[in-house]
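Just so it is clear, the structure is predicted and the values come from calculations on it, not from any experiment. One is the number of the first residue; the rest follow in order along the sequence.
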Amino acid sequence: MLTPAQEQIIAATAPVVAEHLNTITARFYPLMFERYPQVKPLFNQTHQKNGGQPRALAGSILAYVGVRQNPETARQIMETVVNKHVSLDIQPEHYPIVGECLMVAIGEVLGDAVTAEVADAWGALYQELADLLIDLEAQRYQEFEQKPGGWRGTRRFRIADMHQESRVIRSFILEPEDGGPVADYTPGQYIGVKLNIDGVQASRHYSLSDVPNGRSYRLSIKREPHGVASRFFHDQLAVGDVIELLPPAGELTLKAGDEPLLLISGGIGQTPLLPIAKQALSQGRRVTYLHAAIDMDSRAFAEAIDELAASYPSQLTVVTVFEQGSQGDHQGRINQDLLAKYLVPNTRCYFVGPHGFMEAINQSLALLGVAETHRHFEHFGPAKALNAA
């Protein structure tokens, strides 16, 4: 707990730190990788180069500073961070590394403004945040380990089968090498993957693209032209190869209730929404499945969605939007007018895709009167703000 004097220092210096926080976090990561190269595999270097990870860290710190006086709200705000950390196997011993490098970065950027008292106060604030995250993550690790088919740390899974879903998306069916059962998860969640790519360690997380079955997990991965991990999956891995998995995580899950659902995806954004659709349909809910792709050849899961439509003809409406060609239900891109066509009162909307896609969808839904509480989305990479106006 911070002392009253430290609380006063935080309150007085928070605006200055906030003003320079993007610069601080941009300096923090290179410094940490230089001092502690062993943590570098935990981070997607693409997100380092484009600034996504530093901005996400800055946003998390600012969010915590703003809500830390309300412990319950702070725990809720940190849920996204906890999920990402669980999918990376972040452990208590990682936090002193982050704290050390973060304080050095603050000192380098703010210079003489960081007195001994200021450094002490911000160091105490960081430790408070670290203790909260360590506690939340320990709970999650323990809960998953105690589930039937659960485990702690990594578990080796063998690629049992592969299926080409579209021109650039391939599914990988993963079964545990030890032959035991696998723990259930909540549809919509993702799972952490640890890879050894040509002798270099790398960590990623991918959405679980099917509902739980107790025997295997399915990952459906788009081959990105410059994606180190996605090209490794597509170009080098084969049936019989083994990878390591971490516990499932993620909060983009189906909210309880009976509201109709509008599931909106762009490209690979289908991967968390398809299992959510299956879950909702099994519960008797109405689902409109609105998917945008470049063309028919880029549309993934067509067979699985057709089977769902045949099984739930009165509950499921499938809508395709293709930028090219005339084979879809609509041509072009999803816009506000198109969303209005499929919205009904009290619809709960889920949407996943590239950042620009989600920002446009979020703005359109807001303008159509969909409350923020009924707009749900997830970033595949570091979280970014979605402006609704």
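The pair Glu7-Arg68 meets the salt-bridge criterion, since a charged nitrogen lies less than 4.0 angstrom from a carboxylate oxygen.
With no hydrogens or angles considered, no side-chain donor-acceptor pair links Gln189 and Thr253 at under 3.5 Å. Side-chain contact of Glu165 with Ser171: a donor-acceptor pair under 3.5 Å is present, judged by distance alone. With hydrogens and angles left out, the side-chain atoms of Ser298 and Arg167 include a donor and acceptor closer than 3.5 Å. Looking at Arg286 and Gln315, their side chains never bring a donor and an acceptor atom within 3.5 Å of each other.
Checked against side chain to side chain contact (heavy atoms under 4.5 Å, CB included), Glu143 has the following partners two or more places apart in sequence or in another chain: Gln139, Arg140. Remark: Tyr312 engages no residue in a ring pair (Phe, Tyr, Trp, His ring centres under 6.0 Å) (not counting sequence neighbours). Partners of Arg231 by side-chain hydrogen bond (donor to acceptor under 3.5 Å, both in side chains), not counting sequence neighbours: none found.
For Gly180 against Pro176, the heavy-atom pair with the smallest separation is O-CG, 3.0 Å.
Within 6.0 Å of CZ on Arg333 lie no more than 12 heavy atoms contributed by other residues, nucleotides or ligands. Crowding of Lys147 atom NZ: a count of heavy atoms from other residues, nucleotides or ligands under 6.0 Å exceeding 12. Atom CD1 of Ile173 is surrounded by more than 12 heavy atoms from other residues, nucleotides or ligands within 6.0 Å. The neighbour count for Glu372 CD, taken as heavy atoms of other residues, nucleotides or ligands under 6.0 Å away, does not exceed 12.
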Which pairs of donor and acceptor atoms, one on a side chain in residues 90-101, lie under 3.5 Å apart (sequence neighbours left out)?
from: Gln91; atom 1: NE2; to: Asp89; atom 2: OD1; distance (Å): 2.8
from: His94; atom 1: ND1; to: Gln91; atom 2: N; distance (Å): 2.9
from: His94; atom 1: ND1; to: Gln91; atom 2: O; distance (Å): 3.4
from: Tyr95; atom 1: OH; to: His85; atom 2: ND1; distance (Å): 3.0
from: Tyr95; atom 1: OH; to: Glu137; atom 2: OE1; distance (Å): 2.9
from: Tyr95; atom 1: OH; to: Glu137; atom 2: OE2; distance (Å): 2.8
from: Glu100; atom 1: OE1; to: Tyr36; atom 2: OH; distance (Å): 2.5
from: Glu100; atom 1: OE2; to: Arg35; atom 2: NH1; distance (Å): 2.7
from: Glu100; atom 1: OE2; to: Tyr36; atom 2: OH; distance (Å): 3.2

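Applying the side chain to side chain contact (heavy atoms under 4.5 Å, CB included) test between Ile61 and each of Leu125, Val17, Leu102 identifies Leu102 as the sole match.
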Could you walk me through whether Leu343 and Leu365 pass the side-chain contact (heavy atoms from CB on, under 4.5 Å) check?
-> CA-CA 9 Å; Leu343 272 176; Leu365 291 175; 4.2 Å; yes

Given ring-ring contact (aromatic ring centres under 6.0 Å, His included), test Tyr217 with Tyr185 step by step and report yes or no.
-> CA-CA 10 Å; Tyr217 293 140; Tyr185 54 91; 5.6 Å; yes

Carefully, step by step, assess Asp235 and Arg223 under the rule side-chain contact (heavy atoms from CB on, under 4.5 Å).
-> CA-CA 9 Å; Asp235 302 345; Arg223 187 188 187 281; 2.7 Å; yes

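Cluster partners of Val344, using a side-chain heavy-atom cutoff of under 4.5 Å among ILVMFWY residues and allowing indirect links: none.
Counting heavy atoms from C-beta outward, Thr13 and Trp122 have side chains that approach closer than 4.5 Å.
Taking the six-membered ring for Trp, Tyr206 and Phe233 have ring centres closer than 6.0 Å.
Residue pairs meeting the ring pair (Phe, Tyr, Trp, His ring centres under 6.0 Å) criterion with at least one member in residues 257-302: none, sequence neighbours excluded.
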